[in-house]
Amino acid sequence: MPDSTAIAHGAHETGSNTHDEHPPYLRHHFESTEQQADAAGFAMWLFLLTEVMFFGGLFTAYLIYRNWYYPAFVSGSHQLNVVWGTLNTLVLIISSFTMAMGVWCAETGRRRGLVLSLSLTLILGLGFLGIKSIEYAEKIEKHHVPGFHYSLQSFLDPQSDRAVFSEYHDKPLMLDMARHTEVYFSLYFLMTGMHALHMIIGIGILGFMIFRARAGAYTSGHVTFVENFGLYWHFVDIIWIYLFALLYLISRH
Amino acid sequence: MSEQIELGEHQHHDEQDEDAHHIVGPGVYVIILIALLVGTALTVWASFIDLGPWNPVIALAIATTKATLVVLFFMHVKYSTKLTKLTVGAGIFTFLTLVSLTLADYISRAWGSW
Amino acid sequence: MSATIVSLPDQSTARIPKVNYLTKENGILSWLLTGDHKRIAILYLISLSFFFFIGGALAGLIRLELLTPQTDLMATDTYNKVFTMHGVIMIFFFLVPSVPATLGNFLIPLMIGAKDLALPKINLLSWYLYIAGGILAIYTMAAGGVDTGWTFTTPLSTHYVNTNVLTTGLAVFIAGFSSIFTGLNFIVTIHKMRCPGMTWFRLPLFVWAHYAASILMVLATPVVAIAIVLVALERTIGIGVFDPAKGGDPILFQHLFWFYSHPAVYIMILPGMGVISETISTFSRKRVFGYTAVAFSSVAIAVFGFFVWAHHMFIMGISNYAVLVFSLLTMLVAVPSAIKIFNWTFTLYKGSITFETPMLYTFGFMGLFTIGGLTGVFLGTSGTDIHLTETYFIVAHFHFVMVGGMLMAFLAGIHFWWPKMTGRMYPEKISQLAAVVTFIGFNFTFFPQFILGTLGMPRRYASYPPEFQVLNVFSTAGATILGVGYLLPVLYLTWSLKYGAIAGNNPWQATGLEWQVQSPPLTENFTRTPIMDHEAYDYEWLERQKEKEVTTSAG
Ligand code: HEM
Ligand SMILES: [Cu+2]
């Protein structure tokens, strides 16, 4: 804890305003726990702003190319399975709910409730990734992964892709437009992949938090970490809400 | 050596006081959860109907409603300080600037030269 | 009025305070694991200077090659690598972090009456990220360099070059996160850590300027990060997003890149503007004229900075209508910059001006930045830009703002706060000489480039038609002078660490909170939380304060 040692001295040695009631987690450059929690929360929000802009670049690219290559994006999105997508949306929304409950448990000092909520959140997160990997496997099988022997067959000859054809009755795309489906799938993998990466990081942190929460951390007043992680988790949820709409839903017709 | 200049005897008024850390309870969360689930059902259902250009509009409107609920309640923004609200606003604003000004170029390319 | 405002303690009795942030703990680990914003600032100062001189050496090579019209010193592709690495290092590893990471880091907590930045560990993390990125950049150079230009232009960077685009990209990506964390830390600190009585409109303008720059760091940098990720993926697996053959659009990269890099030029200049506000006030003994206007113009620059990026793309194939709109919007952003220049000039008016080194650099800044900014307006006007773009006029423009502007401001700031950071004065005469040499060398180097540009000499080539030689010789000669101008401070500042006069708390008779504590400050900055009860730059308050001291010590 480099900074606390470096900063500790002055406050103690000069002995000007050292109150012994200060909880141990109050770092010495802060005046009060409220100030500390406030600063951490605000920092988290600013971090989420950078995340918004990070994903913002991808959203911009998606909107531009959808605008340019509408038919390719329609056919591309028909390759996605709305059932899996919907299921995943539900899983993630529920995990957001369990996370919110976790925050409430921490704030009200319910240790077992906290552990339970976080564990449920973790399980749901894993569930999301599981479903996502089923979807990815399907794409890999059909050679719809850009850069890795990308196959145009489903788009040049839709009837060969029976399952999808029976649902959408797509007309064949011209070769030129069919090739632009690769851009669709690039963006699909980029956006969902970047989202999944955030989920994986989140799940890692969840594991760490469950471990600490069982030992009673977070439920004795110092809830900032749980609250900030909650913000992160909800943010990831919001990204998915938009990905679901943009990738799965808006091009079905 | 540690000189201390008296900078005056202003009252120490805490700016942080205004916000007495509001705790949002399970009741609200359950309501929001239900709203989000309903929203999801609604948007999937709407996607099965051919509404022409309205399909994307409706899907994005519902997504935005859902996102707003998450931000306001799950993320407590409704109960937060002005600063937090401003921060969220700044993010949305910059994001929209990026998207709209870039798209403006792409869309107007089709108009050709004058 | 005396010719100087410097007032030093009696040198025969004065001592550097025994306990201060430098002496508090010893050993290399106490530095590498420190959370103290002042120590991190010093770490940055050392590492930044290192990169500055690497970048400078590369600049020397460029100018040497351009001494003659032929390509005689190095092969053309080597030349491409040299100017690329020069740009990458100078922009991402020197200018972007220059003032914020050193002076901003050191001073913001002191200026607002806080014990540290809000997030000391994140601050240290920023430095480590910066170093990691820097090491990668150096590694790239050793591994053969990269030749895309600092702009990573697609499809050159994605398809045509065979050099180390990936490692350079990663280096910039990492350095970008360092910058994000610095900005984030500053915003949180300025919002949440101000001492009682320190209202927004009592903040020194230095803090306002950093606040505005931090907003840009947090909101713009992630976009270049994702752009770099896309370039890397395009290069490695060919995702097609920037590949015309697959339907991608290389211009999209330009949009994403300049969405960051235009704001980045303000990341590079705003903190410098903050320094100038402080020095101008101190050395004319006046409150900055139009404090509120200067404060808000910083924020206005930050906000408008997001609406103009496509002025870097006028000839790249964006739509005519976009050219028109972005050209108009560019005029908008020049306004707040002009407001600042006017207000500083009014501050000088009827002030008691003295000419210590920081003030000399400040004058250099004002003249050169004004020229740089005005030529920016030429470039923002699409008609003239079509003639001037990709010529040496651009090179002259941005060196006037970045070197004439930011580097001058950086040196002004380093000299101005050197006594606070080290407890010792730099030697005045030789540093004044260095300031003048820098100014002369700068003008010799870069003014001819405006003429070369208008004559049509393109940038980024190792050779040129013989009729351009005279001006290029001027430029190279100027660069030599400039080099001397930059080496001098390194020598005498190092010398002053041991032999400089003891500075005392407030050698400049300045008003900022940072000047009311000991030099060098204590680790925790203040023994007791200060309470602010006056405006920034209140010289009368300072007078009263001194009188109080005299009466108490006499009584
Ligand atoms: C005062 C308002 C300013 C205006 C209106 C302005 C305008 C412009 C324009 C239109 C260009 C593009 C020229 C072209 O490529 O054809 C440009 C280039 C550039 N400007 Fe400025 N500028 C301003 C201030 C600054 C500042 C303060 C900095 C940096 C501290 C800066 C740094 C640059 C750089 C680095 C480039 C060249 C980028 C490249 O292509 O490598 N400018 N400026
Ligand atoms: Cu620009």
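Quick note on labels: first sequence line is chain A, next is B, and so on, each numbered from 1.
- Contact count against chain A (heavy-atom pairs under 4.5 Å) is highest for L36(B) among L96(B), V71(B), L36(B).
- One distance of note links CG of L69(B) with CD1 of I238(A); it measures 10.0 Å at 0.5 Å rounding.
- At a 4.5 Å heavy-atom cutoff, the contact between T64(B) and chain A is made by backbone and side-chain atoms alike.
- The CZ atom of R66(A) sits 11.5 Å away from the CG atom of L103(B) when rounded to the nearest 0.5 Å.
- Contacts of V30(B) with chain A are made by both backbone and side-chain atoms, with heavy-atom separations under 4.5 Å.
- Using a 4.5 Å cut-off between non-hydrogen atoms, the part of residues 71-87 of chain A that approaches chain B consists of V82(A), T86(A).
- S96(A) touches chain B through backbone and side chain together, each having a heavy atom under 4.5 Å away.
- For I94(A), the parts lying under 4.5 angstrom from a heavy atom of chain B are both the backbone and the side chain.
- Interface summary for chain A: among T102(B), T87(B), I107(B), V99(B), the most heavy-atom pairs under 4.5 angstrom belong to T87(B).
- Both tests hold for R252(A) against F48(B): distance to the six-membered ring centre under 6.0 Å, angle to the ring axis within 45°.
- Counting only distance, with no hydrogens or angles, the side chain of Y29(B) and the backbone of F73(B) share no donor-acceptor pair below 3.5 Å.
- Only the side chain of F244(A) comes within contact range of chain B, with heavy atoms under 4.5 Å apart.
- Between atom CG of residue L92(A) and atom NE2 of residue H234(A) there is a gap of 11.0 Å, rounded to the nearest 0.5 Å.
- Distance alone, capped at 3.5 Å, is enough to place a donor-acceptor pair between the N55(B) side chain and the I49(B) backbone.
- Heavy-atom distances place the side chain of T40(B), and not its backbone, under 4.5 Å from chain A.
- For chain B, the nearby parts of F97(A) are the backbone and the side chain; heavy atoms of each come within less than 4.5 Å.
- Minimum interatomic distance between T43(B) and A59(B) (heavy atoms only, all atoms of both residues): OG1-CA, 3.9 Å.
- Note: F165(A) and H169(A) meet the aromatic proximity criterion, with ring centroids under 6.0 Å apart.
- A distance of 6.0 Å separates CE in M199(A) from OG in S95(A), rounded to the nearest 0.5 Å.
- In terms of heavy-atom proximity, P53(B) sits nearest to V57(B) at O-CG2, 3.6 Å.
- Aromatic ring orientation, F225(A) versus Y218(A): parallel (interplanar angle below 30°, classes split at 30° and 60°).
- Contact annotation for residues 114-123 of chain A against chain B (heavy-atom separation below 4.5 Å): no residues qualify.
- In this pair, Y184(A) and Y188(A) present their aromatic rings parallel. The plane angle is below 30°, not in the 30 to 60° band.
- Proximity to chain A (any heavy atom under 4.5 Å) is restricted, for T84(B), to the side chain, taken from C-beta onward.
- In terms of modelled atom types and a separation under 3.5 Å, the side chain of Q36(A) and the main chain of R27(A) share a donor-acceptor contact.
- Ring geometry for Y69(A) versus Y65(A): interplanar angle under 30°, hence parallel rather than tilted (30 to 60°).
- At a 4.5 Å heavy-atom cutoff, the contact between V24(B) and chain A is made by backbone atoms alone.
- Atom CZ in F93(B) sits 13.0 Å away from atom CG in L49(A) (nearest 0.5 Å).
- Residue W233(A): no heavy atom, backbone or side chain, is found under 4.5 Å from chain B.
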